[in-house]
Amino acid sequence: MDAQNLGVNSYDESAAIEVSGDRMEATITFVAAIENGRPMTQEDVVALLEREGINYDAGLLAAVLSNKKYERKMPIAHGRAPVPGTDGFLQFHFDRSNLKPKPKIMEDGSVNFKQLDMFRLCNRGDVLITTVPPRDGVPGLDVFGKPVLPEKTKEAAAIPMGKGTVLSEDGLHLLADESGQLLILEGKINISPQLEIQGDVNNSTGNIDFNGEVTVRGNISSGFTVKSKGNIEVGGVCEAATLISEKGSIIINLGAQGGDKAELIAAQDVTAKFIEGCKVVAGGNVNADSILKSTVKCDGAVTLSGKNGLLVGGSLVAGQKLVARTIGSPMGTLTDIEVGGNPQELNKHKELVEEFNTLRAEFEKTDKAVNTLTLAKQRDALDETKKALLIKMVNMKMHYRTKMNKLQEEIDEITRILAVNVGTVSASNVIRPGVRVTIGSAQMLVREDIPNCRLRNNGEKISIGPNI
C-alpha cells in the first residue's frame with residue numbers, strides 16, 4: 001500500500017537559517033523530505049542563503065552538504081571579528097614600585113647591605129615619561145557582510161608634570177629639567193636637587209651617591225660613604241666614614257670622630273666642630289674648633305677658632321696659612337705643618353726631588369762604571385764585550401744627566417713659586433715643643449714654648465714675631 005493510499009502527504013526537503021544575536025555566526029537546520037519529497041540541491045541552499053543575505057563560507061557549505069544532519073544546527077557562515085585597538089598610556093622610564101630597597105648581590109654571591117639603591121636619581125635631560133598614543137583597531141565583518149567596528153580606544157592620561165620637569169617640544173615626553181632626586185608627590189613627578197636623610201646613614205639607607213646636595217639630619221655611621229656633586233651637610237657626627245663632595249663643601253655640625261679611617265674630601269671647604277683621626281682634603285679652606293691626629297691638606301687656609309682653637313698631632317699642609325690658639329701639646333706630640341704654596345705644588349716638589357735623588361744615585365753608579373771601564377780601555381784590557389758595555393754605560397750616563405737637568409729645572413721653577421707664595425702660622429696662645437713648621441723652603445723644629453706668635457719666612461729662615 002503506498003503513502004498516497006494511506007493519506008500521507010509528500011514534502012520536499014527544507015532548511016531554515018538562524019543568525020546569532022551578534023550576527024557573527026549563521027547556522028542552517030535541515031528538515032528531511034517526506035515520502036516522495038524532493039531533496040535540496042546545493043543550488044537550493046545557495047539560493048536560500050542569498051535570500052537571507054548571508055555571506056556564506058563555501059568550505060563550510062561543502063562540508064555541510066557532504067555530511068548533512070537533520071534537525072540539527074550546523075554552522076554555515078562566520079563573521080570576521082574586529083581586531084581591537086590599544087588605549088593610549090603613559091610609559092614610565094623608572095621603577096615606580098614601592099617595594100623596600102633590596103641589598104646588592106655581588107658577583108661572588110655575597111650580599112652588600114651598604115648598596116641599597118633606595119633613592120631614584122636622574123640627570124638633567126633624562127626622559128622620565130613617554131606618552132604612547134592609542135592605536136585604532138581594525139573593523140570586522142558580520143555574516144551579512146556589514147562592518148563590525150572595534151571598541152573606541154582611549155587617550156593616555158595627562159602627564160603628571162611637577163617641579164623640576166619639562167615637556168618635550170612635541171609634548172609626548174616628560175624630561176628632567178635638572179639633576180637630582182626623583183620624587184612622586186601628590187601624584188606628580190618632581191625633581192629635587194637636594195636629598196634629605198631625616199635620620200642616620202647606616203644599614204637602613206646604605207651608601208649615598210647623589211648628583212645634588214645632601215643633608216643628613218643624623219649621623220654618618222662607620223663604614224658608609226656619602227658622595228655628592230654638591231654640598232654635604234651632616235647634622236650629627238661623622239664616624240669612620242667617607243664623605244666626598246665633588247663640587248661643593250662639607251659641613252659637619254657635631255664633628256668627625258674618624259678613628260684614623262674617615263676621609264673628608266671636598267672641592268671647596270671643610271667645616272666641622274672638631275676633626276679627629278681623619279684624612280681631610282679641601283680645595284678651599286678648613287675650619288674647625290680643633291684638629292687632632294689628622295692628615296689635612298687644603299689649598300686655602302686652616303682656621304681653628306672657638307673655645308679650643310687647637311691643633312695636635314698628625315700633619316697639616318695649607319696653601320695659605322694656619323690660624324689657631326694652641327698648636328702642639330705639653331707632651332711634645334709631633335705635629336707637622338707646611339704652609340705657603342699649593343699642596344699639589346708641594347707634593348709635586350717632593351716627588352721631583354725624590355725622583356732626582358734616585359736618578360743621581362743611578363748616575364753616580366754609572367759614572368763609576370764608566371771610569372773603571374775607561375781605565376781598562378787605556379790599558380788595552382777590554383775585550384769586545386766590555387767595549388760594547390762601555391759604550392752602553394756612556395749612553396746611560398748621558399741619558400741620566402739630561403733627565404736630571406730637566407728635573408732640576410722643574411724643581412727650581414716650583415721652588416721659585418713656593419718662595420713667592422709663602423704663608424704664615426699664627427698662634428694666639430702658644431706653639432708647643434714637637435711642632436715642625438715648614439714655610440716655603442725654610443723649616444724649624446719648635447723646642448720650647450713660643451707664646452702668642454706668628455711665624456713667617458723672611459727669605460732666609462723662619463722668623464718669629466708677635467701675633468698682631
Side-chain angles (χ1 to χ4, degrees), residues 106-108 110 242 244 246 260-261 263 265 267 279-283 294-299 313-320 334-423 434-445 447 457-462:
M106 310 303 289
E107 290 184 0
D108 61 2
S110 60
T242 299
I244 302 173
E246 295 184 353
D260 297 327
K261 294 181 180 179
E263 292 189 2
I265 303 172
K279 173 185 175 182
V280 180
V281 179
S294 297
T295 300
V296 178
K297 293 182 180 180
C298 75
D299 292 352
S315 65
L316 182 148
V317 178
Q320 297 177 4
L334 178 61
T335 305
D336 224 337
I337 299 169
E338 290 183 55
V339 295
N342 186 290
Q344 284 79 15
E345 292 171 345
L346 291 171
N347 285 338
K348 184 65 176 178
H349 185 274
K350 183 178 180 181
E351 292 172 359
L352 290 173
V353 170
E354 290 176 353
E355 186 179 356
F356 181 87
N357 291 335
T358 300
L359 279 173
R360 183 168 59 185
E362 293 297 322
F363 175 83
E364 292 173 352
K365 188 189 301 182
T366 304
D367 184 57
K368 184 177 181 180
V370 168
N371 291 336
T372 301
L373 291 170
T374 300
L375 290 174
K377 181 181 180 182
Q378 292 173 353
R379 298 193 306 269
D380 199 22
L382 289 183
D383 56 21
E384 293 302 320
T385 301
K386 293 294 180 64
K387 289 179 181 179
L389 180 61
L390 175 58
I391 294 172
K392 180 180 179 181
M393 289 291 126
V394 170
N395 289 334
M396 288 180 62
K397 180 180 175 181
M398 292 175 62
H399 170 73
Y400 287 143
R401 180 184 289 118
T402 300
K403 198 165 184 180
M404 286 169 62
N405 290 338
K406 184 177 179 181
L407 284 173
Q408 188 62 59
E409 290 177 0
E410 294 183 54
I411 292 170
D412 292 344
E413 177 62 23
I414 294 179
T415 300
R416 283 192 292 272
I417 295 173
L418 293 176
V420 172
N421 297 324
V422 293
V435 175
R436 182 166 55 202
V437 179
T438 301
I439 304 179
S441 57
Q443 187 177 90
M444 72 174 290
L445 177 64
R447 301 185 183 280
N457 187 331
N458 64 10
E460 296 180 359
K461 63 179 183 178
I462 294 178

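Note that the structure is predicted; figures quoted are calculated from it, not measured.
Side-chain contact check for T374 versus T372: every heavy-atom pair is 4.5 Å or farther apart. At least one side-chain heavy atom of L375 sits under 4.5 Å from a side-chain heavy atom of R379. Within the 4.5 Å cutoff, no side-chain heavy atoms of L316 are placed close to those of E338. Between L382 and L373 the shortest side-chain heavy-atom distance falls below 4.5 Å. Residues R436 and M444 fail the side-chain proximity criterion, which asks for heavy atoms closer than 4.5 Å.
Taking every heavy atom of both residues into account, F356 and M404 meet most closely at CE1-O, 3.5 Å. Looking at every heavy atom in both residues, L407 comes nearest to L359 through CD1-CD1, 3.2 Å. Between N457 and A442, the shortest heavy-atom distance links the atoms ND2-CB, 3.6 Å. The two residues R360 and N357 come nearest to each other via the heavy atoms NH2-OD1, 3.1 Å.
For the residue pair E409/N405, the side-chain donor-acceptor check at 3.5 Å is not satisfied. Between the side chains of E263 and T242, no donor-acceptor pair is found at a separation under 3.5 Å.
Distance check, rounded to the nearest 0.5 Å: OG1 of T366 to CZ of R401 gives 11.0 Å. Between the NZ atom in K348 and the CD atom in E410 there is a gap of 6.0 Å [rounded to 0.5 Å]. Separation of atoms CG (D299) and CD (Q320) is listed at 8.5 Å; rounding is to 0.5 Å. Separation of atoms OH (Y400) and NZ (K365) is listed at 8.0 Å; rounding is to 0.5 Å. Put simply, CD1 on I411 and NZ on K350 are 14.0 Å apart, with the number rounded to the nearest 0.5 Å.
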Only distances under 3.5 Å count here; give the side-chain donor-acceptor pairs of residues 383-398 to other protein atoms, sequence neighbours excluded, each with its distance to 0.1 Å.
unit_1, atom_1, unit_2, atom_2, d
D383, OD1, T385, N, 3.2
D383, OD1, K386, N, 2.7
N395, ND2, I391, O, 3.3
K397, NZ, D367, OD1, 2.4

Apply side chain to side chain contact (heavy atoms under 4.5 Å, CB included) to residues V296 and V317 and explain how you reach the verdict. CA-CA 6 Å; V296 178; V317 178; over 6 Å; no
Side chain to side chain contact (heavy atoms under 4.5 Å, CB included) for I337 and V435? Distances and angles first, verdict last. CA-CA 7 Å; I337 299 169; V435 175; 3.7 Å; yes
Go through the steps for E355 and K403 under the test side chain to side chain contact (heavy atoms under 4.5 Å, CB included), then give the verdict. CA-CA 10 Å; E355 186 179 356; K403 198 165 184 180; 3.9 Å; yes
